[in-house]
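Read the structure below first, then the notes.
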Amino acid sequence: MKRYQVAAIFENIADLLELSGAEPFRAGAYRRGARAVENLTEDLEKVTREGRLEEISGIGKALAQKIKEILTTGTCHFYEELRGKVPPGLTDLLEVPGVGARTARVIYERLGITNLADLKKAAEEHRLRDLPGIGAKKEGYFLEGINLLAGRGGRIPLGFALPLAQELAGRLRRLPGVERAEVAGSVRRHQETVGDIDLVAGTVDPRGLMEAFTTLPQVKEVLARDETTASLTVGPGWRVNLWAVPPQYFIQTWHHLTGSKEHNDRLQGLASGMGLKINEYGIFREEDWAQGENVPGPKPGQHSLRGTGEPRGSPEAGGPSALGTSAVGAGSELDTGEGSAMPWVGEGQASPAASRREASFVITSEKELYQHLGLPYIPPELREDRGEIEAAREGSLPVLVEEGDLRGDLHVHSTWSDGLGSIPEMAQAARRRGYEYLAITDHSKSLGIARGLNEEQLRQQMREIDRLNRSWEGFTILKGMEVDILGDSRLDIADDLLQELDLVIASIHTGFRQPAEQINRRLEGALKNPHVDIIAHPTGRLLARREGYSVDVDRLLELAARTGTALEINASPDRLDLCDQNARRAREYGIKLAIDTDSHSQAGLEDMKYGVAVARRGWLEKKDVLNTLELGDLKRWLNT
DNA sequence: GCCGTTTTCGGCCCGACTGTTTTCAGTCG
Ligand SMILES: Nc1nc2c(ncn2[C@H]2C[C@H](O)[C@@H](COP(=O)(O)OP(=O)(O)OP(=O)(O)O)O2)c(=O)[nH]1
Ligand SMILES: [Mg+2]
Ligand SMILES: [Zn+2]
């Protein structure tokens with residue numbers, strides 16, 4: 001857990017360095033260092049003890065020394081010194097759209113402003129417009145931005161974003177002229193929460209596409225729109241961006257906009273080491289690129305709707321680009337006409353400089369793109385610069401688990417406790433999904449609010465399940481329970497009864513405020529109990545609603561590995577617990593993971609995809625996942 | 001500050017747009 005503290009300090013140092021006008025690459029080194037520490041799968045303190053810090057890519061002598069210092073003292077001198085020189089409040093100003101380090105610095109140096117409230121006041125009093133590099137327009141944007149910040153929602157949970165994005169992409173796909181429409185950005189990478197929804201379409205009729213997109217029934221507000229990009233909000237203010245590109249650019253642009261930024265960054269670095277250049281328009285040999293520079297053509301930056309003095313965010317005009325990467329080939333005289341092969345490119349049309357070059361290779365799939373860089377295909381879930389490039393180069397990328405590999409669900413509730421579906425109903429839903437087995441794991445008695453089962457009720461339920469299992473073939477209900485881990489680390493149900501169950505899940509539902517020490521003791525009790533097979537939602541976090549209880553994850557993993565206990569990836573979209581990074585750590589410990597929906601209804605079984613998303617982002621292969629086993633093997637595993 | 005199938009020094013991802021510039025820096029995706 002210390003690693004987040006170190007990462008936060010490094011991130012902060014990077015901001016403060018930029019604000020102080022330091023060499024940008026030096027600040028960048030701290031940012032890289034922050035990410036390296038955050039993405040470390042090993043226990044940071046262990047790596048430090050063993051003197052292996054400098055083996056981490058991005059950590060050199062200076063950062064290693066600072067990590068040691070932070071681990072022992074909680075901070076470091078350099079950081080404290082920097083905070084003395086640069087008011088730490090200045091980092092808040094960076095939140096304002098259009099305000100970067102440079103601008104924040106000028107504002108501070110000239111006006112002494114160090115917080116958002118003062119910035120707002122200064123903007124209202126028109127004291128910003130006289131500063132160098134700032135005029136009346138920027139001042140207006142800043143003010144607008146500050147006001148927007150207040151009402152800004154947090155990130156969107158994937159459980160909302162993914163279905164919405166797929167629905168929107170599906171609608172776009174059906175429009176005339178659209179050859180492809182796909183989800184990009186963090187949604188495609190299946191991040192647990194996303195900042196916005198990014199969509200890309202390859203079309204011969206961008207204008208028609210934009211018109212249709214901005215008038216979809218879900219649209220709440222159109223924030224910005226020009227001929228090739230649009231940004232709007234749906235639902236409670238969730239932002240959706242669409243880029244339209246000519247069909248021949250689709251793959252490159254889709255890949256570029258899938259990111260992550262860090263992954264793109266690394267790929268581009270890799271390319272330049274190979275004498276190649278890669279951008280959203282194609283892959284270029286350096287020679288070809290240099291040649292292209294001489295290609296005569298219209299000057300870039302002539303979008304007809306740009307710079308018309310429209311207010312920012314006007315639905316009619318773009319204003320300052322709502323989407324930084326501008327769509328390709330927009331011109332003032334768009335020929336949207338009847339299906340010509342290259343409808344976007346024509347004489348006398350303005351197009352950005354880079355897009356006027358002809359790519360050295362024709363790319364028809366992302367796989368080919370990676371091939372040109374000497375790499376195997378890297379699935380979107382891995383594109384985070386968390387070691388996937390190195391693994392790809394070594395040929396050691398994991399073969400990621402897929403939803404189709406799963407043979408059952410091991411954590412499901414029924415009407416016997418707080419579920420909405422009866423046992424037969426849940427079983428039927430599981431069969432419809434093609435599962436071989438389903439574990440019914442209702443709550444235990446101490447969880448009165450969920451109508452937890454006592455010993456007698458559990459025995460009854462077990463008899464009912466036996467009856468049902470005798471009534472069909474090719475499908476098995478496993479007798480299980482989600483046993484509550486009590487405050488004193490005992491389990492809610494006695495061992496002799498647990499022994500009779502096929503499967504025992506243990507989890508914590510109370511005492512969330514207890515200190516880590518106590519939580520870990522409780523988990524330890526469960527892990528050491530020979531009847532406990534799986535720890536459910538091991539950190540207790542609720543996405544965007546509740547921090548987990550404080551638990552020492554490294555200790556938990558160590559003990560789970562030692563006791564041969566599986567850990568859950570709870571697929572319920574508001575849990576996703578373990579998270580991707582912890583799942584990956586668990587895998588490195590050799591721990592088996594169970595991807596479970598924790599369904600309280602038949603529909604809940606469909607949440608499995610979110611659990612699989614977490615598993616894939618955690619680099620899990622089929623063999624790492626308990627419920628990919630066929631029934632016989634699963635039973636053997638449960639009995640050992 | 002970090003790093004090396006191009007390097008131990010000199011790079012560090014890339015492109016587009018905007019305002020305010022007098023020819024480009026800052027910001028963003
Ligand atoms: N090469 C490059 N690509 C970028 C950069 N910033 C963003 N992109 C690309 C990759 C991103 O996935 C994509 C969309 O940008 P977003 O800001 O929406 O990021 P993303 O969707 O990854 O995360 P989010 O959840 O929206 O915050 O654009 C950059 O600095 N360089
Ligand atoms: Mg995004
Ligand atoms: Zn449950």
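All heavy atoms count here, side chains included; hydrogens, waters and symmetry mates do not. This structure is a prediction, so every number in the text was calculated from the model and none was measured. Proteins come first, then strands; the chains are lettered A, B, ... in the order of their sequence lines, and each starts at number 1.
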So which one's nearest nucleotide on DNA chain B is more toward 5', A:Asp196 or A:Gly133?
A:Gly133
Is any side-chain N or O of A:Thr103 closer than 4.0 Å to OP1 or OP2 of B:dT27?
yes
Nearest to the side chain of A:Ser272 - B:dG1, B:dT6, B:dG29?
B:dT6
Is it true that, when you exclude A:Arg180 itself, more than 12 heavy atoms of the residues, nucleotides or ligands shown sit nearer than 6.0 Å to its CZ?
yes
From C-beta outward on A:Asn279, which listed nucleotide comes closest to its side chain: B:dC13, B:dG1, B:dG15?
B:dG15
Less than 6.0 Å separating the ring centroids of A:His256 and A:Tyr249?
no
Basic-acidic side-chain contact under 4.0 Å: A:Glu227, A:Arg207
yes
Would you check, one step at a time, whether the test side chain to side chain contact (heavy atoms under 4.5 Å, CB included) holds for A:Ile107 with A:Ile134?
CA-CA 10 Å; A:Ile107 291 171; A:Ile134 303 177; 4.2 Å; yes
Listed pairs, N/O of protein and of nucleotides 22-25 of chain B, under 3.5 Å:
none

Rounded P spacing from B:dG1 to B:dT5 in Å
23 Å
Mind checking if A:Ala136 touches a base, just sugar-phosphate, or nothing, with heavy atoms under 4.0 Å?
sugar-phosphate
To the nearest angstrom, how far is A:Leu17 atom CG from B:dC12 atom P?
20 Å
For B:dT8 and B:dT18, measure between their C1' atoms and round to the nearest Å.
41 Å
What contact category does A:Asn264 fall into here, base, sugar-phosphate, or nothing, at under 4.0 angstrom with non-hydrogen atoms?
nothing
In whole angstrom, give the distance that lies between atom CG of A:Leu270 and atom P of B:dT7.
15 Å
Rounded to the nearest Å, what distance is computed from the NZ atom of residue A:Lys137 to the P atom of nucleotide B:dT20?
7 Å
Listed nucleotide nearest any side-chain atom of A:Trp289, set B:dC13, B:dG15, B:dC2:
B:dG15
With C1' as the reference atom in both, quote the distance from B:dG19 to B:dC12 in angstrom, rounded to an integer.
28 Å
Pick base, sugar-phosphate or nothing for A:Gly273, based on heavy-atom distances below 4.0 Å to the nucleic acid.
base
A:Lys277 near the nucleic acid: base, sugar-phosphate alone, or nothing, with a heavy-atom cut-off under 4.0 Å?
sugar-phosphate
Euclidean distance for P, B:dA16 against B:dC9 (whole angstrom)
36 Å
Quote, to the nearest angstrom, the P distance that separates B:dT27 from B:dT21.
15 Å
B:dC14 P sits how many Å from A:Gln252 CD, rounded?
14 Å
Quick one: do A:Arg584 and A:Glu384 make a salt bridge, cutoff under 4.0 Å?
no
Where the side chain of A:Tyr141 is defined as all heavy atoms beyond and including C-beta, which of B:dC3, B:dC12, B:dG19 is the nearest nucleotide?
B:dG19
Lys/Arg-Asp/Glu bridge criterion (N-O < 4.0 Å) met for A:Arg386, A:Glu38
no
So, do A:Thr233 and A:Val240 sit near enough that their side-chain heavy atoms are less than 4.5 Å apart?
no
If we take the P atom in both B:dC17 and B:dG11, what is their distance in whole Å?
28 Å
Using purine N1 to pyrimidine N3 plus N6-O4 or O6-N4 for Watson-Crick, or N1-O2 and O6-N3 for G-U wobble, each under 3.5 Å, what pairs with B:dG11?
B:dC2
Among B:dC14, B:dC2, B:dT20, the nucleotide that comes nearest once only the side chain of A:Lys138 is considered
B:dT20
Within the 4.0 Å heavy-atom criterion, would you say A:Val96 contacts the bases, only the backbone, or no part of the nucleic acid?
sugar-phosphate
Distance check, C1' atoms only: B:dG26 and B:dT20, in whole angstrom units.
11 Å
Whole-Å distance, A:Arg35 CZ to B:dC13 P, equals 11 Å
Select base, sugar-phosphate, or nothing to describe what A:Ala101 touches, counting heavy atoms under 4.0 Å on all strands.
sugar-phosphate
Among B:dC12, B:dC28, B:dC14, the one nearest A:Pro97 by side-chain distance:
B:dC28
In whole Å, what separates the P atom of B:dG15 from that of B:dT22?
26 Å
Can you classify the ring geometry of A:Tyr30 versus A:Phe10 as parallel (below 30°), tilted (30 to 60°) or perpendicular (above 60°)?
perpendicular
Indicate, with a heavy-atom threshold strictly under 4.0 Å, whether A:Ile56 touches base, sugar-phosphate, or nothing.
sugar-phosphate
Euclidean distance, atom CD of residue A:Glu18 to atom P of B:dG26 [Å, nearest integer]
11 Å
Residue list, salt bridge (charged side-chain N to carboxylate O under 4.0 Å, His left out) with A:Glu368, at least two apart or on another chain
none
Between C1' on B:dC28 and CD on A:Glu280, what's the gap in Å once rounded to a whole number?
12 Å
Interatomic distance where CG belongs to A:Leu53 and P belongs to B:dC2 [whole Å]
12 Å
With a non-hydrogen cut-off below 4.0 angstrom, is A:Ile134 in contact with a base, only sugar-phosphate, or nothing?
sugar-phosphate
Result for side-chain hydrogen bond (donor to acceptor under 3.5 Å, both in side chains) between A:Glu388 and one of A:Arg393, A:Arg383, A:His263, A:Arg266 points to A:His263
Residue closer to the 5' end of DNA chain B, A:Leu94 versus A:Glu54 (nearest nucleotide):
A:Glu54
